[in-house]
Amino acid sequence: QVQLVESGGGLVQAGGSLRLSCAASTRTFSSYAMAWFRQAPGKERELVAAITARGSGTEYIGSVEGRFTISRDNAKNTMYLQMNSLLPEDTAVHYCAALARRWYSTHLSDYDYWGQGTQVTVSS
């Protein structure tokens, strides 16, 4: 069983930045592909960004490309999401997820473990 704990969410004005962290309770963190998803009120949960187990490959949804950066530190069992130039439409609960294989998936149903989520609110 892997526990994932997100942190770093909060309230920020449009144009501001936040850095989300996801700490994993496993010694085999480097065996898991990871991803950030988000869910806004009344909307389905969507993939924001994903990263391979070793960090060599990443993918982003179009609306965050160039603004967000996903990264990981396998020595610290932690994944990050640096969010810059935030927009009100980025407001959502952000979740981290882990997949027990080297390459990530874009389908949320493939992920094995989920965190509880952290709220990101961007005011206009």
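Since the structure is predicted, the reported quantities are computational estimates derived from the model, not experimental observations.
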Does anything in [range] form a salt bridge (Lys or Arg N to Asp or Glu O under 4.0 Å)? List the pairs, not counting sequence neighbours.
| range | value |
| --- | --- |
| residues 111-121 | none |
| residues 32-46 | R38-E46, R38-D90 |
| residues 113-124 | none |

R101 CZ: over 12 foreign heavy atoms closer than 6.0 Å: yes
Of all pairs that satisfy disulfide (SG to SG under 2.5 Å), the ones with a partner from residues 25-70, not counting sequence neighbours: none
Of all pairs that satisfy disulfide (SG to SG under 2.5 Å), the ones with a partner from residues 50-97, not counting sequence neighbours: C22-C96
By side-chain hydrogen bond (donor to acceptor under 3.5 Å, both in side chains) - contacts of N74 (at least two apart): R72
Among all residues two or more places apart in sequence or in another chain, which pass the side-chain contact (heavy atoms from CB on, under 4.5 Å) test with [X]?
| X | answer |
| --- | --- |
| Q3 | S25 |
| A53 | R102 |
| A50 | A35, L47, Y104, Y111 |
| Q82 | S17, R19, T69, N84 |

Under 4.5 Å side-chain linkage, directly or through intermediates, the cluster mates of I61: V2, L4, V12, L18, L20, F29, Y32, M34, W36, V48, I51, Y60, V64, F68, I70, M79, L81, M83, L86, Y113, V120, V122
For E89, salt bridge (Lys or Arg N to Asp or Glu O under 4.0 Å) partners two or more places apart: none
Minimum side-chain heavy-atom gap Y95-T118 below 4.5 Å: no
